[in-house]
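So the structure is just underneath, and the comments pick up after that.
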Amino acid sequence: MVERYDHKRIETFWQKEWEERKAFRVDHTTEGEKFYVLEMFPYPSGRIHMGHVRNYSIGDVLSRFLMMNGKKVLHPMGWDAFGLPAENAAIQHNIHPARWTLENIEYMRRQLKRMGLSYDWDREVSTCSPSYYRWNQWIFLKFYERDLAYRKRGSVNWCPRCSTVLANEQVEDGLCWRCESPVEQKELDQWFFRITRYAEELLEYTYRLKGWPERVLVMQRNWIGRSTGAEVIFPVVDSDEVIKVFTTRPDTLYGTTFMSLAPEHPLVERITTSERAQEVRDFVQRVRAEDRTRREKGLLDKEGVFTGAWCINPLTQKRIPVYVANFVVMEYGTGAVMAVPAHDQRDFEFARAYGLPVEVVITPPGRRLDPSTMKEAYTEEGIMVNSGPFNGIKSTEAMDRIVELLEKEGKGRRATTYRLRDWGISRQRYWGCPIPIVYCDGCGTVPVPYEELPVVLPQEVDFRGGGISPLATVRQFVETDCPRCGRRARRETDTMDTFVDSSWYFLRYISPFKEDLPFDRKEVSFWMPVDQYIGGIEHAVLHLLYARFFTKALRDIGLLDIDEPFTNLLTQGMVCKETLRCPEHGFLSQEEVDGKRCRMCGREVVVGGVEKMSKSKKNTVDPDSIIDRYGADTTRLFSLFAAPPERDLDWSEEGVEGAYRFLGRVWRLVLENIEVLRESKPCDGSKGLEGFLKEVHHVTHRTIKKVTQDIGERFHFNTAISAIMELVNLLYQWQGGKDSPIEKEVFREAVETVILLLSPFAPHICEELWQRIGNERPLYLTPWPRFDPTALEKDEIMVVVQVNGKVRARVMVPRGAEKEVVQDIAMKDPKVMEWTRNKSIKRIVYVPDRIMNIVV
RNA sequence: GCCGAAGUGGCGGAACUGGUAGACGCGCUAGAUUCAGGAUCUAGUGGGCGCAAGCCCAUGGGGGUUCGAAUCCCCCCUUCGGCACCA
């Protein structure tokens, strides 16, 4: 019996070794062929979860693979360390957010090190450290100078549970993205980043990011939500006021029969006639009190009220009534809609409800529409009618022509609107980056001078009060002198959204010690953009859009010379597991189940569907316990083998055992042959190899080729691993001895190859075996193996023979044989003869060295 | 409603540009080893018919293109994800 595979000892040993030798440190020179591998940094919530394990395993395989292939690889790790959970923990457990966060970082760093990840820990960055967030403030000031940061009072999303404001991107279905509480609206003074200035560029570049998954790009396009059309001016009758509308359908302008304003529209108050005033005011108040989410989701019936005012259709000069309607939102377009009931479903419903006229201006080809009997709006294109000079032309053509007419007469213009809103970054919480602004009664809003940065977050704060920013209670913080006039002034007490922190952290990794600037220009132009970014799909819009915006803004400030931060993006799937349920006690964890029964009540447990691991469903698996039991190598191997990275992964204990078994097989393969391996060199070339030896040599090189392509080109780690398994299986088939030099050499080459190819996945065991077979140089400094094309060539090749598309035989032919030669061989095959007997051959298709199809 | 992704054995998944469907792993079955269990090794494992050689069927369903389709085209169904009174 050989020594057993002791993962604990091996993994501890090699982790210490890598750490002491600073194996994965990358110097600050800017020479060589660079590759920047980045994984989304974690929030230090306490412990890592399987999603992290998967994310970081993917990055590590790639990183180690590229290092062995001679690339200069930057592979850093850090902490997205500001955020609400720290503050909530502080409130619940009376521990300071800073301590809570730092302790979590300590713990999680140890967990990551236990996974054997190849990070350059010298570049570790933590966003809650003043040496990091001072540059947040610095960038904020640069944004402020360029009017990319501004303050405005407005209706904002308020999460009562988190007692803070949320950006639009952080509201999902009307619920807070973090705690799922219903979001309310509040009027507050808030800081915004003018991301809308980049709306067009952000959109345009989604068509150039070839290395991003299509679905992420689509989500971003939807989010930016560009629509093109026209802005049209409708003068109000007996008034100097005009109503501006945005429409994507200028072709329907002649069919406008009324006007709808958003209840929040400023004109409502000004144009409503006195006899309608009370009714309108009641209506506006009622709608504004309505549940915002229901209103936004379109769940309410179309309702409205007449203002008493009329406006003029600029093309027809017809008077049309102005309504206030609950389905018009102030935030989009101009907050006013020209209503064309015949050609817009919402307007149609509204018109029917209030008895307003429906006028058809576009007819479907070859059909006529009757306004009195229409059941729904006709929204397709067609032929123009009742549209003055445009009658008879196609509606698609009329679009442009009508806009031209409007522009000529000064009644409107071509216009584009976006769904994207500016990014509200103020947060009424403590544990975040202070906004470097001072308010002075004399000077107004004054930026903190650069030389006074950082504005340090004070330690002693009572953050238990709800509703206002905790910093507002700290007098020593709030009270300051105006940097401009020196008189007493007040500091801004909100902190920044933590998505600001993560919008540029990948730049700080490049020069984490830079004192005078956020990052070093020269180093950044060497390393950026990130060549491969890896993370979860949940950031498809949030973080990934913000980081793109930051990159463009920093470029325009003159700090960067790239347009996009991430060349290639890999969005890994979720880690899922089956759920267990007790009819009485709900979801159960593995520990709460005894056999097939609930430990609490003894009732039979229902095995539910495979769902994303979550605490609430109690189907999580703790990485620590898996690493304890099977080791980091097994854990990594399984999470990469069970599914391709972008797909969801079903966690299975049996699968983990399978991975463990495989590593055991590799371990025994080496140790059972340790003498043979030690006393030989790998063979060089395929000369003189016959039979099984030739087969082993051939498969060895075929595996090098496949694994190299699967890792480097396709990220198909699962198939790479299965190819290595096949090679190992073949070596277990070795029947004869390993006595002659040639046998030893072939075997040694094959085993070395297995170790090298497996090392990015399972680095500890491979490093150990590599050393044991007598290598001095550590594996992580050893070049990746290259395949020998001549070893891949076979003299004889199996060709599949089909008759009428059905496989009937397989024949061996010399490689590269002519069609006629193969045909002769095939026709002599008894099976083929049987199927072609008494039949006339119509055609023979031959794909060289692969397949022959005989059509009879 | 619109947009996107995906449907392959008992399960996770292979099949690169149309060319042996089911690699690899899990699970299951049998054998070897063992006092026994575990571990390990070997063999088998899509379905149907057959003693067997073998034949037929099979990649969500239906049609088509092709010598040949999981892969290309058309129609439909299901699941997941995103957006949605967006003018």
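In what follows, chains carry the letters A, B, and so on, assigned in the order in which the sequence lines appear, proteins first and then strands, with residues in each chain numbered from 1.
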* Using only side-chain N and O atoms of A:Arg665, determine if any of them is under 4.0 Å from OP1 or OP2 of B:C41. => yes

* Would you kindly check whether a donor in the side chain of A:Lys302 faces an acceptor in the base of B:C85, or vice versa, at under 3.5 angstrom? => yes

* Taking only N and O in the side chain of A:Arg661, is any of them less than 4.0 Å away from OP1 or OP2 of B:C26? -> yes

* Using purine N1 to pyrimidine N3 plus N6-O4 or O6-N4 for Watson-Crick, or N1-O2 and O6-N3 for G-U wobble, each under 3.5 Å, what pairs with B:A32? -> B:U40

* Asked: Between B:C55 and A:Trp835, is there an OP1 or OP2 to side-chain N/O distance shorter than 4.0 Å?
  -> yes

* Is the gap between the ring centers of A:Phe350 and A:Phe258 under 6.0 Å? -> yes

* Should A:Arg668 be listed as having a side-chain N or O under 4.0 Å from OP1 or OP2 of B:C41? -> yes

* Asked: What is the pairing partner of B:C85, taking Watson-Crick or G-U wobble pairs with both distances under 3.5 Å in any strand?
  -> none

* Check whether any side-chain nitrogen or oxygen of A:Arg808 sits under 4.0 Å from OP1 or OP2 of B:C55, and answer yes or no. => yes

* Structure fact -> Of all heavy-atom pairs linking A:Pro645 and A:Arg54, the shortest is O-NH2, 3.3 Å

* To do: Quick one: look up who B:G19 pairs with, Watson-Crick or G-U, both distances under 3.5 Å, and put none if it's unpaired.
  => B:C67

* **Between A:Thr579 and A:Asn619, a side-chain donor and acceptor under 3.5 Å** => no

* Asked: Under a 90° cut-off about 0 for the syn range, is B:G9 syn or anti?
  -> syn

* **A:Ser260 vs B:A87: side-chain N/O to OP1/OP2 distance below 4.0 Å** => no

* Asked: Is there a donor and acceptor pair, one atom on the side chain of A:Asn853 and one on the base of B:C67, closer than 3.5 Å?
  -> yes

* Structure fact -> Closest to the 5' end of RNA chain B, once A:Arg714 and A:Arg843 are matched to their nearest nucleotides, is A:Arg714

* Please determine, by modelled atom types, if A:Glu818 and A:Tyr846 share a side-chain donor-acceptor pair under 3.5 angstrom. => no

* Asked: Would you say B:A15 has OP1 or OP2 under 4.0 Å from some side-chain N or O of A:Arg850?
  -> no

* **Under 4.0 angstrom between A:Lys706 side-chain N/O and B:C24 OP1 or OP2** => no

* Ring centre gap for A:Tyr5 and A:Tyr660 strictly below 6.0 Å -> yes

